[in-house]
Participant: 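My questions all concern the structure below.
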Number of protein chains: 2
Amino acid sequence: MNNKGKNPALSTAKSEGFANISVASERSGVSAKMIRHYEDIGLMAKVDRTMAGYRIYREADIHILRFIRRSRDLGFSTNEIGNLLGLWQNRRRASADVKRLALRHIADLDKRIAEMQAMRTTLQTLASCCRGDQRPDCPILEDLAS
Amino acid sequence: MNNKGKNPALSTAKSEGFANISVASERSGVSAKMIRHYEDIGLMAKVDRTMAGYRIYREADIHILRFIRRSRDLGFSTNEIGNLLGLWQNRRRASADVKRLALRHIADLDKRIAEMQAMRTTLQTLASCCRGDQRPDCPILEDLAS
DNA sequence: GTTAAACCTTACCATCATGGGAAGGTCAAG
DNA sequence: CTTGACCTTCCCATGATGGTAAGGTTTAAC
């Protein structure tokens, strides 16, 4: 049977090695909810559907989802992931472009880490001055109220 | 003139030392938008109003706003700030309760810092292996696609 | 005394990444 | 043919913050 360009039945798609959304989710580590979301916002191209409208995923799609997942785990924003995907799929990319994205993200992380470190340091100082007993006197509150 | 319990005109309120929301904002460092929001969600009690419905702030209110601001700057969530405010205003508090909140927040910061540090380390390693030139070969993308 | 600027009010909408749930269609197994 | 486990879309929620629009108030200037 030649199904080129036609929407298959679900059983046909499965027997041809396509995955439905829950299998794609399992295999990529991205929730079905987020898979649909990434399609909505255009991070992933729309995938094919069965006759009944079920999304079907081929290996390449699942590979993209894993790429997204890994990027997300490294803290990249949706936008940055879009850029990374574009570079990944562009055979004529310059690795300099990828590296620039990565370094910018590192700088971003550094900034956020430094902010939180500063908070941490202040809080630690205050907490270490607080007796932490039944009495109300508390340098932490005094600082907050200052 | 005795205005106890009545809603004053704005000019009256101002001459009695009350501040309107933009002055309260300036003096506390909290945007008018967020001042209203904190009132909406019950973090701050509803303040008095003029006859025309304008919010008016006394020193004590502004003091609370500064407390919120400082707490927010130290990374406390709205919820935690609510707890801190409760302790601050409770003369029979135990400093142990305040300290516990602070230590829990420090632990939270530590967790988030560690997560970001881990991302940073991975990215740094990958980036340092990337030549960053005009060629497409890139260990960063290879990792993301792995 | 009127008018214009600069306020104030409420009520929405948006962000970002994620999840929950409802209403309704589809499919596979008993 | 029914049941349960899927799938679909659509709407709502988070948390902290900002934007804007429509409409009322106050103040300062003419």
Side-chain angles (χ1 to χ4, degrees), chain A residues 7-15 18-26 28-44 46-57 65 68-83 105 108 112 115-116 119, chain B residues 7-15 18-26 28-44 46-57 65 68-83 105 108 112 115-116 119:
Chain A
N7 289 29
L10 182 55
S11 54
T12 310
K14 281 184 178 173
S15 69
F18 288 81
N20 62 15
I21 200 166
S22 65
V23 170
S25 170
E26 257 173 49
S28 65
V30 179
S31 71
K33 204 87 189 179
M34 290 311 292
I35 293 178
R36 294 192 194 97
H37 178 64
Y38 293 145
E39 188 181 308
D40 280 351
I41 64 176
L43 187 56
M44 261 196 91
K46 296 194 176 186
V47 295
D48 288 344
R49 306 275 187 134
T50 65
M51 288 184 308
Y54 285 23
R55 291 174 178 81
I56 51 182
Y57 295 86
L65 287 170
I68 293 174
R69 170 82 210 277
R70 175 77 178 139
S71 304
R72 201 191 56 184
D73 286 349
L74 287 176
F76 287 103
S77 69
T78 306
N79 225 342
E80 291 167 324
I81 296 174
N83 295 141
H105 183 45
D108 200 62
R112 290 194 276 152
E115 283 168 4
M116 291 200 287
M119 293 175 186
Chain B
N7 289 30
L10 181 55
S11 54
T12 310
K14 282 184 177 173
S15 69
F18 288 82
N20 63 14
I21 200 167
S22 66
V23 170
S25 170
E26 257 174 50
S28 65
V30 180
S31 71
K33 203 84 190 182
M34 290 310 294
I35 294 177
R36 292 192 195 98
H37 178 64
Y38 293 146
E39 188 181 308
D40 279 352
I41 64 176
L43 187 55
M44 261 197 92
K46 296 194 177 186
V47 294
D48 289 343
R49 305 276 185 131
T50 65
M51 288 182 308
Y54 285 24
R55 291 173 178 82
I56 50 181
Y57 295 85
L65 286 170
I68 292 174
R69 170 83 209 276
R70 175 78 177 139
S71 304
R72 200 193 57 184
D73 286 348
L74 288 175
F76 287 103
S77 69
T78 305
N79 226 342
E80 290 167 323
I81 296 174
N83 295 141
H105 182 46
D108 201 62
R112 290 194 276 152
E115 283 168 5
M116 291 200 287
M119 292 175 186

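Letters A, B, ... mirror the listed sequences (proteins, then strands); counts begin at 1.
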Participant: If you compare every side-chain N and O of B:Arg55 against the phosphate oxygens of D:dT25 (OP1, OP2), does one of them come in below 4.0 Å?
Facilitator: no
Participant: Tell me the closest heavy-atom pair linking A:Pro8 and A:Arg49, and the distance in Å.
Facilitator: CD-O, 3.7 Å
Participant: Would you call A:Asp40 and A:Arg36 a salt bridge, taking side-chain N to carboxylate O under 4.0 Å as the test?
Facilitator: no
Participant: C:dA17 phosphate, OP1 or OP2: any side-chain N/O from A:Thr78 under 4.0 angstrom?
Facilitator: yes
Participant: Can you name the one residue among B:Val30, B:Val47, B:Ile56, B:Ile35 that meets side-chain contact (heavy atoms from CB on, under 4.5 Å) with B:Ile21?
Facilitator: B:Ile35
Participant: Within the structure, does a side-chain N or O atom of B:Ser77 lie under 4.0 Å from either OP1 or OP2 of D:dG15?
Facilitator: no
Participant: Quick check: closest heavy atoms across B:Ser25 and B:Ala32, and the distance to 0.1 Å?
Facilitator: OG-N, 3.6 Å
Participant: Starting at CG of B:Asn20 and ending at P of C:dC8, how long is that distance when rounded to a whole Å?
Facilitator: 5 Å
Participant: Separation of A:Ile56 atom CD1 from C:dC27 atom C1', in whole Å?
Facilitator: 15 Å
Participant: Would you please confirm or rule out a distance under 4.0 Å between OP1 or OP2 of C:dC8 and any side-chain N or O of B:Ser22?
Facilitator: yes
Participant: Taking atom C1' of D:dC6 as reference, at what distance in whole Å does atom OH of A:Tyr57 sit?
Facilitator: 14 Å
Participant: In whole angstrom, what separates A:Ile21's CD1 from C:dC27's P?
Facilitator: 16 Å
Participant: Could you point out which residue of B:Asn83, B:Ile68, B:Ile81 forms a side-chain contact (heavy atoms from CB on, under 4.5 Å) with B:Phe76?
Facilitator: B:Ile81
Participant: Would the distance check show the side chain of A:His105 and the main-chain N or O of A:Leu74 forming a donor-acceptor pair, the cut-off being under 3.5 Å?
Facilitator: yes
Participant: With rounding to the nearest 0.5 angstrom, report the CZ to OG distance, A:Arg69 to A:Ser31.
Facilitator: 9.5 Å
Participant: Grab the OH-C1' distance between B:Tyr54 and C:dT10 for me, whole Å please.
Facilitator: 13 Å
Participant: Mind listing the closest non-hydrogen atom pair of A:Met44 and A:Leu65 along with its distance?
Facilitator: SD-CD2, 3.4 Å
Participant: Tell me which residues in residues 31-44 of chain A put a heavy atom below 4.0 Å from DNA chain C, sorted by number, or none.
Facilitator: A:Ser31, A:Lys33, A:Met34, A:His37, A:Tyr38
Participant: Report the distance from atom CD of A:Glu80 to atom C1' of C:dA17, rounded to the nearest whole Å.
Facilitator: 14 Å
Participant: Of all the heavy-atom pairs spanning A:Ala19 and A:Ala24, show the shortest one and how long it is.
Facilitator: CB-N, 4.2 Å
Participant: From CZ of A:Arg72 over to P of C:dA17, roughly how many Å is that when rounded to an integer?
Facilitator: 10 Å
Participant: To the nearest angstrom, how far is B:Asp108 atom CG from D:dG15 atom P?
Facilitator: 14 Å
Participant: Enter the inter-axis angle for the ends of the helix from C:dG1-D:dC30 to C:dG30-D:dC1 (five pairs per end, rounded to 10°).
Facilitator: 30°
Participant: With nearest nucleotide decided by heavy atoms, which residue, B:Ala52 or A:Gly53, maps closer to the 5′ end of DNA chain D?
Facilitator: A:Gly53
